[in-house]
2 protein chains.
Amino acid sequence: MPPQTADLQDDGPIIRQSLPAEVATRLRDLITQGQLAPGARLNEVALCAQLGVSRTPLREAVRRLAGEGLVELVPARGGVVRRLTLKDAADSLTVLKALETLAGRLACAAATEAGIADVAALHAAMLDRYAARDRLAYFKLNQAVHTAIVALSGNETLAWAHGAIQARMKHLRFIGNAGERKWADAVAEHEEMVRALAARDGEALAEVLALHLDRTLDRVAPLI
Amino acid sequence: MPPQTADLQDDGPIIRQSLPAEVATRLRDLITQGQLAPGARLNEVALCAQLGVSRTPLREAVRRLAGEGLVELVPARGGVVRRLTLKDAADSLTVLKALETLAGRLACAAATEAGIADVAALHAAMLDRYAARDRLAYFKLNQAVHTAIVALSGNETLAWAHGAIQARMKHLRFIGNAGERKWADAVAEHEEMVRALAARDGEALAEVLALHLDRTLDRVAPLI
DNA sequence: CAGCTTCATACTGCATACAGTATGGACTCC
DNA sequence: GGAGTCCATACTGTATGCAGTATGAAGCTG
């Protein structure tokens, strides 16, 4: 009989997080990986059958994505996967640049050594998956590095805004890993990022983050 | 979430926007104006009766506010109005500073003369309400000036992020207008902002915006 | 009297039925 | 033959019923 005070670790056994949140995560994955293409309508009953839930939690998940800007709600037509224009991508990357450079400066000042080590570990894992040309794993670790750096800033509002905008770009970045040369460039930029962070050189980190995001626009622009 | 422009005109012609959106707006007002105090639970049936809608659209509105960070969703307890800590306010203002300074620089470069004139008109109206010590109207026009400057940047993602974070601070700012001296300072800073914008001096605008937001933290900090 | 257990209540979360509306096709008229 | 109109269909938006759970009070025990 296990003691019923599971407060600390939450090894996530029995406690299921809210169903709509789970559905929203699965929908996000479907969008970033392209099973739900930009412009596609989200047919509620079809998705209900596919995901094995009822309409109410599914609708709530769709509204959540709408709040994040991933889907658009058309009256009497429901949700459609938002189609990013080139301007949308440029706008989002402009904002991401402002947010990440701020986060980089804050992180260099506020991060713990353990936190920096965690980022370095994520980066190392990413390099490993790059060497193996494991695109999906590389992609996820890449995103994780950016998210971790922002988290190190200790600013929750910053993390929130960054996460929401990053989610909008995920699909583009997911399909944008093609091109050996561009890929190598991106990896090199990440290398610089981690080095600057380890040295706690906020200005250098901000600079390379800005460069990285500017180049990201070049990398994804041909895809639109 | 569409950036909230429906404060001045928009007398709601024939086309009624979606019911949940309308309910969400009314809930936002209840929160910013304090009828729903921080920490208060959102009783669904009670609010349904008060607003004259059924549970489904009300629930959707509550989830929308949760997505914006105004309320927190506790499992099996529903929505509670989020209580801002001092750190939350400082974090949000830090991000707002990054966003608004960016917007200021972009606006000076991209705005049309008509757009700048619109901001000046809003500012003039605000001065008028300040002279009359009409706090509610002053407050709304103050927010409108900030929103309008951000809109002039032409960056929709920027406007989205700014609007969401600004909404979180609305209640604090609403109750934070007390103090004749602080109020006069804020008005003077706005004066500088509009002057810099009219001169299309992006650096000066960014600088005064940063100062304004730093001082906003000082102004609202005693309220937490 | 204090603390624990038990039970009634009320509220949230989910499922489903119903109504309103946009869409696509077929038929008719020019 | 082409265009306009009418209608059937399917899907969204809303309302409501039902089940699970947290909460608070009352009763019981040490």
Side-chain angles (χ1 to χ4, degrees), chain A residues 1-7 10 12-27 30-31 35-67 70-83, chain B residues 1-2 12-27 30-31 35-67 70-83:
Chain A
M1 221 182 284
Q4 190 72 310
T5 60
D7 261 341
D10 279 354
I14 311 101
I15 306 176
R16 186 188 64 189
Q17 69 169 345
S18 83
L19 188 50
E22 196 177 319
V23 173
T25 304
R26 297 183 61 183
L27 282 179
L30 286 174
I31 292 176
Q35 279 103 340
L36 287 174
R41 279 183 69 171
L42 302 182
N43 187 316
E44 294 183 355
V45 284
L47 286 174
C48 283
Q50 181 176 347
L51 301 181
V53 296
S54 183
R55 279 186 65 204
T56 307
L58 180 97
R59 281 175 63 86
E60 183 174 329
V62 170
R63 309 300 150 145
R64 221 173 267 217
L65 299 192
L70 263 82
V71 313
E72 215 164 345
L73 291 183
V74 186
R77 295 202 55 184
V80 266
V81 181
R82 184 159 167 213
R83 190 190 302 275
Chain B
M1 178 197 61
I14 310 100
I15 307 176
R16 188 189 66 187
Q17 68 171 342
S18 80
L19 186 51
E22 195 177 320
V23 173
T25 305
R26 297 183 61 182
L27 283 179
L30 261 64
I31 291 177
Q35 280 102 340
L36 288 174
R41 278 183 69 171
L42 303 182
N43 187 317
E44 294 182 356
V45 286
L47 286 173
C48 284
Q50 181 175 348
L51 301 180
V53 296
S54 183
R55 280 186 61 205
T56 307
L58 179 98
R59 281 175 63 86
E60 183 174 330
V62 170
R63 310 301 150 144
R64 221 175 267 216
L65 299 193
L70 262 83
V71 312
E72 215 165 343
L73 291 183
V74 187
R77 295 201 54 183
V80 282
V81 180
R82 185 161 167 209
R83 189 190 301 276

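Within every chain, numbering begins at 1; the chains are lettered A, B, ... in the order of the sequence lines, protein sequences first and strands thereafter.
- Residue contacts shown for Arg41(A) are limited to sugar-phosphate atoms, with no base heavy atom under 4.0 Å away.
- Nucleic acid contact class of Leu73(A) (heavy atoms, under 4.0 Å, all strands): none.
- Taking atom CG of Asn43(B) as the reference point, atom C1' of dT23(D) lies 14 Å away to the nearest angstrom.
- The side chain of Val45(B) approaches dC11(C) more closely than any other nucleotide in the set dT16(D), dC11(C), dC14(C).
- When all heavy atoms of Ser18(A) and Arg64(A) are compared, the closest pair comes out as OG-NH2, 4.4 Å.
- Separating the CG atom in Leu73(B) from the CZ atom in Arg59(B) is a distance of 9.0 Å, to the nearest 0.5 Å.
- Remark: Ser54(B) is in phosphate contact with dA15(D), judged by side-chain N or O atoms under 4.0 Å from OP1 or OP2.
- Across the interface with DNA chain C, nearest-nucleotide mapping of Gly52(A) and Arg77(A) shows Gly52(A) to be the residue nearer the 5′ end.
- Interatomic distance, CZ of Arg77(A) versus CG of Leu42(A), reported as 11.5 Å (0.5 Å rounding).
- Partner of Leu19(A) under the side-chain contact (heavy atoms from CB on, under 4.5 Å) criterion, out of Thr56(A), Val53(A), Leu58(A): Val53(A) alone.
- The nearest whole Å value for the distance from the CG atom in Leu58(A) to the P atom in dG13(D) is 12 Å.
- Residue whose closest nucleotide on DNA chain D sits further toward the 5' end, between Arg55(B) and Glu60(B): Glu60(B).
- Taking the side chain of Ala76(B) as heavy atoms from C-beta on, and the options dC11(C), dA22(D), dA15(C), the nearest nucleotide is dA22(D).
- At the heavy-atom level, Val74(B) lies under 4.0 Å from the strands shown only through sugar-phosphate atoms.
- Of the candidate nucleotides dT16(C), dT14(D), dC14(C), dT14(D) has the atom lying nearest to any side-chain atom of Leu19(B).
- Counting non-hydrogen atoms under 4.0 angstrom, Arg59(B) reaches a base of the nucleic acid.
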